[in-house]
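The block underneath contains the structure these notes are about, expressed in structure tokens.
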2 protein chains.
Amino acid sequence: MSVMTLHRPAHRDALALLESAFGDGRMVTVFGRCRVEYDGRASSSLGPGDRLVVCKPDGTILVHTDEQREPVNWQPPGCTHRASVREGRLRIRSERTSPEERLDVAFERIEQVSAYEVTDRSDLALTGSEEDLRQRILDDPSLVEVGFEPTAAERETAAGPVDLFGSDAEERPVVVELKRRRVGPSAASQLTRYVAAVDEEFPETGVRGILVAPSVTDRTAAMLDERGLEFVALEPVGDEDTADASGASPDDDAEPG
Amino acid sequence: MSVMTLHRPAHRDALALLESAFGDGRMVTVFGRCRVEYDGRASSSLGPGDRLVVCKPDGTILVHTDEQREPVNWQPPGCTHRASVREGRLRIRSERTSPEERLDVAFERIEQVSAYEVTDRSDLALTGSEEDLRQRILDDPSLVEVGFEPTAAERETAAGPVDLFGSDAEERPVVVELKRRRVGPSAASQLTRYVAAVDEEFPETGVRGILVAPSVTDRTAAMLDERGLEFVALEPVGDEDTADASGASPDDDAEPG
DNA sequence: TACTGTATTTCGCTA
DNA sequence: TAGCGAAGTACAGTA
């Protein structure tokens, strides 16, 4: 069966399902009143409350409350889950090494336990990333500046890899830093680091630094200005009127009403 | 009842439960074969597969596969969820404005739908954050350096707020940047920015910059050195042997075997 | 494994 | 609301 569910199970029955599912590679959800203790890179303690706990076959565990996108507690992939019953509580312990981390969830009441057989072969196709912005520029370098000729992407420097490297119409080296959204001071610092490193490679050549992003904050614009760096406004995807609520997208066959 | 669950429901029955739960402020999980389309800050398309979809009453929606801590698709809190049935598929649409974003999940098969009544009043108590590191230093400034006197936390400068600001034994201004874990180049850049800003405030005073963190990468150490910045090794919590598997913690009443 | 940077980052805080 | 920086960030790519 694809889903196995127990409602208000006795702890020992819940335990049996959990152990079976952990052994099987099935995904598990447990909903009930629990406490959570975490110790590792940091430490945390969470008092009693109703939460949804999700255990994935890859060793991920998530503890979700009724709010926020982020789990209140979690363990990343690669952990080992074990279930047990001690002192009238169903416990799930998730551990890993390097770093040494431990998560303990103790249920005093279980409303529901489910185990799911999951199959998912599809990959996510995402557009609008920084990678898309880079491709857009490589397809048409004049978007940055007429005469700009990119010679390398992710070019290594003493300060780390530069998004785009090339030369301008006057053969001066050009360092381009790409951001998919409006940027703050850290992007200006980053570009500064790269330009300084390239400047040591090619002294006296007047290395230019160009930040390409949809927009910059005022303080960042000032920083760029002070340091003789440039800004070009550009987005990962062309002006496609992405958020058009009036026109129906091709694959959107839903109708209101 | 605290949990309401339907197994392999007809779409219209699943729809009824979803609409009721969205109206109620109950949390919902749906497990089944679905496709997902997202459009907003970026765009994505996800082909058919079995996934666990979680809808929270605060407007969060998560689409989880059997792998990774991160949902393959999501929508943050504040969104509006609507369910419908079109062309033989149960659809969940989650929308928000500013930014305009839309997530569509279309189920071709539903294995299980559950609605949960969630109550959670407990707050997470976390230790080991950067804030703890700051408090540790304010309690004993000599951890940074004998003679260091902090005068302000989060002190505003032209480059942004500085973690700790104060003076050394020789009355020189000191800028301290705190990190709870091993740091890379961006932390050095950050400190550089702050020191430059404070240096403009107090010219000719020999403003010092100190990075306080557990450790730094080699490249970062070189950057600090070049710029005349200093490093002090310190962790958010004292050496408490946090990851001690042999000794039982006070609140750990679980026994192996 | 360690280092580096991106992210539909999310989140909290402050002006 | 926008700006700014932290996070138990997670995650991918590379050396």
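These values consider heavy atoms only, across backbone and side chains, with no hydrogens, waters or symmetry-generated copies. Labels below follow one simple rule: chain letters A, B, ... track the order of the sequence lines, proteins then strands, and each chain is numbered from 1.
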Mind checking if [X] touches a base, just sugar-phosphate, or nothing, with heavy atoms under 4.0 Å?
| X | result |
| --- | --- |
| A:Pro185 | sugar-phosphate |
| B:Asp218 | nothing |
| A:Ala187 | nothing |

(request) Flag yes if more than 12 heavy atoms outside B:Arg35 fall under 6.0 Å of its CZ atom; otherwise flag no. (result) no
(message) A quick test of your reading: do over 12 heavy atoms of other residues, nucleotides or ligands sit less than 6.0 Å from CD of A:Glu156?
(response) yes
Measure the distance from [atom1] on [X] to [atom2] on [N] and round it to the nearest whole Å.
| X | N | atom1 | atom2 | answer |
| --- | --- | --- | --- | --- |
| A:Glu100 | C:dT1 | CD | C1' | 17 Å |
| B:Arg219 | C:dC3 | CZ | C1' | 8 Å |
| A:Leu191 | C:dG5 | CG | P | 12 Å |
| B:Leu133 | D:dG8 | CG | P | 14 Å |
| B:Glu70 | D:dA7 | CD | C1' | 12 Å |
| B:Leu124 | D:dA7 | CG | C1' | 13 Å |
| A:Leu211 | C:dT6 | CG | P | 11 Å |
| A:Leu178 | C:dT6 | CG | C1' | 12 Å |

(message) Between the base of C:dT8 and the side chain of B:Asn73, is there a donor and acceptor pair under 3.5 angstrom?
(response) yes
Does [X] have a side-chain nitrogen or oxygen under 4.0 Å from the phosphate oxygens OP1 or OP2 of [N]?
| X | N | result |
| --- | --- | --- |
| B:Gln190 | D:dC4 | no |
| A:Trp74 | D:dT9 | no |
| B:Arg181 | D:dT9 | yes |
| B:Arg193 | D:dC4 | no |
| A:Tyr194 | C:dG5 | yes |
| B:Arg182 | C:dC3 | yes |
| B:Arg41 | C:dT10 | yes |

(request) Between A:Glu131 and A:Ser98, name the one whose nearest nucleotide on DNA chain C is closer to the 5' end. (result) A:Ser98
(message) On DNA chain D, compare the nucleotides closest to A:Val216 and A:Val72; which residue's is nearer the 5' end?
(response) A:Val216
(message) On DNA chain D, does the nearest nucleotide to B:Ser129 precede the nearest nucleotide to A:Thr217 from the 5' side, or the other way round? Give the residue.
(response) A:Thr217
(message) Between D:dT14 and C:dT8, how many Å separate the two C1' atoms, rounded to a whole number?
(response) 25 Å
(request) Provide the distance between the two P atoms, one in C:dT4 and one in D:dG8, to the nearest whole Å. (result) 22 Å
Minimum-distance nucleotide (side-chain atoms of [X] versus [options]):
| X | options | value |
| --- | --- | --- |
| A:Gln75 | D:dC11, D:dG8, D:dA6 | D:dG8 |
| A:Arg180 | C:dT9, D:dA6, D:dG8 | C:dT9 |
| B:Glu130 | D:dA10, D:dC4, D:dA7 | D:dA7 |
| A:Pro161 | C:dT4, D:dA10, C:dT6 | C:dT4 |
| A:Leu126 | C:dT8, C:dT10, D:dT9 | C:dT8 |
| B:Pro77 | C:dC11, C:dT6, C:dT4 | C:dC11 |

(message) In dot-bracket form, 5' to 3', how is DNA chain D paired? Count Watson-Crick and G-U wobble pairs only if both distances fall under 3.5 Å, and write | where the partner sits on another strand.
(response) |||||||.|||||||
(request) Using the six-membered ring of B:Tyr116, assess whether NZ or CZ of B:Arg26 lies under 6.0 Å from its centre and within 45 degrees of the ring axis. (result) no
(message) Can you see whether B:Phe165 has B:Arg155 sitting over its ring - NZ or CZ less than 6.0 Å from the centre and within 45° of the normal?
(response) yes
(message) Check this for me: does any side-chain nitrogen of one of B:Asp120 and A:Arg51 sit under 4.0 Å from a carboxylate oxygen of the other?
(response) yes
(message) Between B:Arg96 and B:Glu101, does any NZ, NE, NH1 or NH2 come within less than 4.0 Å of an OD or OE carboxylate oxygen?
(response) yes
(message) Looking at B:Arg182 and B:Val216, would you say the former's side chain and the latter's main chain have a donor-acceptor pair under 3.5 Å?
(response) yes
(request) State, yes or no, whether a side-chain contact exists between A:Asn73 and B:Leu124 at a heavy-atom distance under 4.5 Å. (result) yes
(request) Kindly compute the distance separating CG (A:Asp132) from CD1 (A:Ile137), expressed to the nearest 0.5 Å. (result) 11.5 Å
(request) Determine the interplanar angle of the A:Phe22 and A:His81 rings, folded into 0 to 90°, and report it as parallel if under 30°, tilted if 30 to 60°, perpendicular if over 60°. (result) tilted
Within the sub-3.5 Å range, which N or O atoms of nucleotides 12-15 of chain D have a protein N or O partner, and how far apart are they?
from   : atom 1 : to      : atom 2 : distance (Å)
D:dA12 : OP1    : B:Gln68 : NE2    : 3.4

(request) Identify, with sequence neighbours excluded, every residue that meets side-chain hydrogen bond (donor to acceptor under 3.5 Å, both in side chains) alongside B:Ser186. (result) none
(message) The test is side-chain contact (heavy atoms from CB on, under 4.5 Å); show your working for B:Leu138 and B:Leu164 and say whether it passes.
(response) CA-CA 9 Å; B:Leu138 289 174; B:Leu164 283 177; 3.9 Å; yes
